[in-house]
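Since the model is a prediction, treat every value here as computed from it, not as a measurement.
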Amino acid sequence: MAPSSMFDNIFSLFLFISLFSIAHNSHARQHTTPKTSDSLVLGLTNTRTTIKLPKESSILNLKVSSQTFDMLEPLKEVRDGYIISLNLGSPPQVIQVYMDTGSDLTWVPCGNLSFNCIDCQDYTIHSSMSRYSPLQSSSCVRDTCASQFCIDVHSSDNPYDPCNIAGCSLSTLMKGICSRPCPSFVYTYGEGIVSGTLTRDTLRVHGTTDRDVTREVSNFGFGCVGSSYREPIGIAGFGKGSLSLPSQLGFIQKGFSHCFLPFKFADNPNVSSPLVVGDLAISSKEHMQFTPMLTNPMYPNYYYIGLVGISLGTASGSLIQVSTNLRDFDISGNGGMLIDSGTTYTHLPQPFYSQLLSELESVINHPRATEVEARTGFDLCFRVPCINNITNGLALMDIDDHLLPSITFHFMNNVSLVLPQGNSFYAMGAPRNSTVVKCLLFQSMDDEEDGPAGVFGSFQQQNVEVVYDMENQRIGFQTMDCASSSAFQQLNKP
């Protein structure tokens, strides 16, 4: 059944009203399901740069046989994150959205003509992205107040408030039988805001062995967004909450893994990276290093890890220890290191961040490029000599990375992740006068004391297999060539 016409008309008025009541109605980025033997392999693409800060089930019907059904979708890299294609509706509409471990809600832009993105001039590259049309899907329905998802998508102190305002009596709310449409919601992402209605439709995901075979997920819950602020395309939420894509597919007690392509593959339509969900993601991983997945009692739907310190150069390099708030939480839930695919660069707190910059400057003998620092906003840029001889087939940009010190992150449980070359310093342009300017792509956390103490961003996760083992509450790391892994997964087949 298609939604009513007011489905599309409510958005502009609602966003205007919501901007005045956002403190009470907005949903900050949040961060139990039966087990299944199925696995899901999805494909990712690269995009986004916002820090997201930490709020909170139903399992959907999977129309598949009893046999294990791995699934595969290409995850493409764009300039500000990683994009997955969702096949929504009947007939299917292909909608590209960001993959985001720092939030729960999956949402798509709705209405080819009516979708309104405010202050999105800087995102014109995404103007051609497809949008979902609820009126073109015979299986699309508006979710109701009887749905647990309706409670989860709203952030009122009293979960009955939104539907009571919508006209549900207290008795029907207590019994979970009110059939009135779930009221529109507002959801926030750092600087971005979206306004929409909770919707259900059929989601289809392709198989790994036969691209013509699909898994059909009926009644998949997502936000149909008609208005947004600085959020030009949709998001697939991979947090721990009931609204997230893994939760709805029944995989949140298993886990998932991804291997992000390096930045040089951004906007390359021919290369994608693997995102695997289910048993396949966490099986045969004994060779990996695992650090505990920390649980934040105030924000349980986010993924946190504990940072012990950072060292420079060889393994014998001295450890720069961090304060304990990067691995502990206070009574308000502040602290810990958030691992987030939706934040591009790793953010570190002061004064540790400034100490790291001083240590790097003391061991790097190349001249500073202060004018580039002023232009780009990055805090540490150097003019690195270019090496003219290409050795063993290595490209120029790969060779001069070795003129800068390696950076190793030390996490709890004695896990040491040496960042791949290119994940720390990145060229700001083509070589000139036999030098190339490279900048450290780390940033300082904001001065605010609330929220995570640090964020481990997607740029530092490139060419690293990251495993979210929900079964054992741990996160694993292993450096690898993600482009080769992508080919192995047969993600780049036409």
Side-chain angles (χ1 to χ4, degrees), residues 29-31 51-54 99-104 237-241 244 246 252-260 275 281-282 285 287-311 319-330 333-349 352-353 356 407-420 423-424 442-443 445 450-480:
R29 304 269 307 227
Q30 312 178 167
H31 297 18
I51 286 192
K52 306 141 206 169
L53 302 179
M99 180 263 184
D100 184 12
T101 60
S103 64
D104 290 335
F238 270 72
K240 299 179 187 178
S244 76
I252 199 60
Q253 288 189 350
K254 291 292 185 180
F256 61 93
S257 68
H258 58 67
C259 192
F260 290 155
L275 168 66
I282 61 175
K285 302 296 182 182
H287 58 287
M288 297 186 69
Q289 299 183 86
F290 282 94
T291 189
M293 187 184 296
L294 305 183
T295 299
N296 187 328
M298 299 299 294
Y299 305 110
N301 294 348
Y302 282 88
Y303 301 105
Y304 287 93
I305 51 180
L307 182 66
V308 176
I310 292 178
S311 61
L319 180 69
I320 310 171
Q321 293 187 334
V322 301
S323 59
T324 57
N325 70 334
L326 274 162
R327 52 187 180 273
D328 292 323
F329 305 106
D330 63 20
N334 302 312
M337 174 163 263
L338 188 70
I339 178 167
D340 183 13
S341 68
T343 299
T344 303
Y345 307 122
T346 290
H347 287 66
L348 298 169
F352 173 74
Y353 177 70
L356 176 63
I407 297 179
T408 301
F409 277 68
H410 300 271
F411 298 110
M412 293 173 63
N413 199 37
N414 295 318
V415 170
S416 297
L417 175 63
V418 182
L419 296 184
N423 285 20
S424 303
F442 291 9
Q443 292 182 333
M445 287 292 289
D450 295 340
V455 182
F456 194 55
S458 63
F459 195 90
Q460 280 65 49
Q461 298 175 47
Q462 295 174 142
N463 276 335
V464 178
E465 182 184 13
V466 182
V467 175
Y468 294 74
D469 184 349
M470 304 302 296
E471 209 166 46
N472 297 297
Q473 289 294 293
R474 59 184 188 168
I475 293 180
F477 300 98
Q478 175 179 276
T479 57
M480 66 166 24

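Side chains of Asp340 and Ser458 form no contact here, defined as non-hydrogen atoms less than 4.5 Å apart. A 4.5 Å side-chain heavy-atom check between Thr408 and Leu417 finds every atom pair outside the cut-off. Two residues are said to be in side-chain contact when any heavy atoms from C-beta on lie closer than 4.5 Å; Met288 and Glu465 meet this criterion. Tyr468 has its side chain out of reach of Lys240: every pair of non-hydrogen atoms, C-beta onward, lies at least 4.5 Å apart. Side chains of Gln473 and Thr295 form a contact here, defined as non-hydrogen atoms less than 4.5 Å apart. Using a 4.5 Å heavy-atom threshold, the side chains of Phe409 and Phe477 count as separate. With a 4.5 Å cut-off on side-chain heavy atoms, Met293 and Ile305 do not count as touching. Looking at heavy atoms from C-beta onward, Ser311 lies in side-chain contact with His410 at the 4.5 angstrom threshold.
At distances below 3.5 Å, at least one donor-acceptor pair connects side-chain atoms of Asn413 with backbone N or O atoms of Phe290. Checked by atom type and distance alone, the side chain of Asn472 never pairs as donor or acceptor with a backbone atom of Arg474 at under 3.5 Å. Using modelled atom types, one side-chain atom of Asn334 and one backbone atom of Gly451 make a donor-acceptor pair closer than 3.5 Å. Remark: side-chain polar atoms of Gln289 are not paired, donor with acceptor, to backbone N or O of Gln478 under 3.5 angstrom. With Ser244 contributing its side chain and Phe238 its backbone, the two residues share no donor-acceptor pair below 3.5 Å.
With values rounded to the nearest 0.5 angstrom, Cys259 atom SG is found 10.5 Å from Gln462 atom CD. Note that CG of Leu319 is 9.0 Å distant from CD1 of Ile310, once rounded to the nearest 0.5 Å. Interatomic distance, CG of Leu419 versus OG1 of Thr479, reported as 10.0 Å (0.5 Å rounding). One distance of note links CG of Asn463 with CG of Asn423; it measures 6.5 Å at 0.5 Å rounding. Interatomic distance, NE2 of His347 versus CE of Met337, reported as 10.5 Å (0.5 Å rounding).
Of all heavy-atom pairs spanning Thr291 and Phe411, the tightest one is OG1-CB, 3.6 Å. The two atoms that bring Asp469 and Ile282 nearest to each other are CA-CG2, 3.9 Å, heavy atoms only. The nearest pair of heavy atoms linking Leu338 to Pro452 is CB-CB, 4.0 Å. Contact detail for Pro246 and Gly237: the closest heavy-atom pair is CD-O, 3.7 Å.
Side-chain contact annotation: Asn325 with Asp328, donor-acceptor N/O pair under 3.5 Å absent. Between the side chains of His258 and Ser341, not a single donor N or O lies within less than 3.5 Å of an accepting N or O.
The aromatic ring centres of Tyr353 and Phe442 sit 6.0 Å or more apart. For Phe459 and Phe260, the distance between ring centers is not under 6.0 angstrom.
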Checklist line | Evaluation steps, side chain to side chain contact (heavy atoms under 4.5 Å, CB included), between Glu471 and Lys254 | finding: CA-CA 5 Å; Glu471 209 166 46; Lys254 291 292 185 180; 3.6 Å; yes

Open item on the list: Evaluate Gln461 against Ile339 for side chain to side chain contact (heavy atoms under 4.5 Å, CB included), listing each step before the verdict.
Closed with: CA-CA 10 Å; Gln461 298 175 47; Ile339 178 167; 3.7 Å; yes

key: From CA spacing to verdict: ring pair (Phe, Tyr, Trp, His ring centres under 6.0 Å), Tyr304, Phe329   = CA-CA 10 Å; Tyr304 287 93; Phe329 305 106; 4.9 Å; yes

### Task
Please report the C-alpha distance between Gln253 and Met470 in whole Å, then the side-chain angles of each, then the deciding distance to 0.1 Å, and finally whether the side chain to side chain contact (heavy atoms under 4.5 Å, CB included) criterion is met.
CA-CA 5 Å; Gln253 288 189 350; Met470 304 302 296; 5.6 Å; no

Which is it for Val467 and Phe256 under the side chain to side chain contact (heavy atoms under 4.5 Å, CB included) test, yes or no, and what are the steps along the way?
CA-CA 6 Å; Val467 175; Phe256 61 93; over 6 Å; no

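Thr346 is linked by a side-chain hydrogen bond (donor to acceptor under 3.5 Å, both in side chains) to Gln460, counting only residues two or more places apart in sequence or in another chain.
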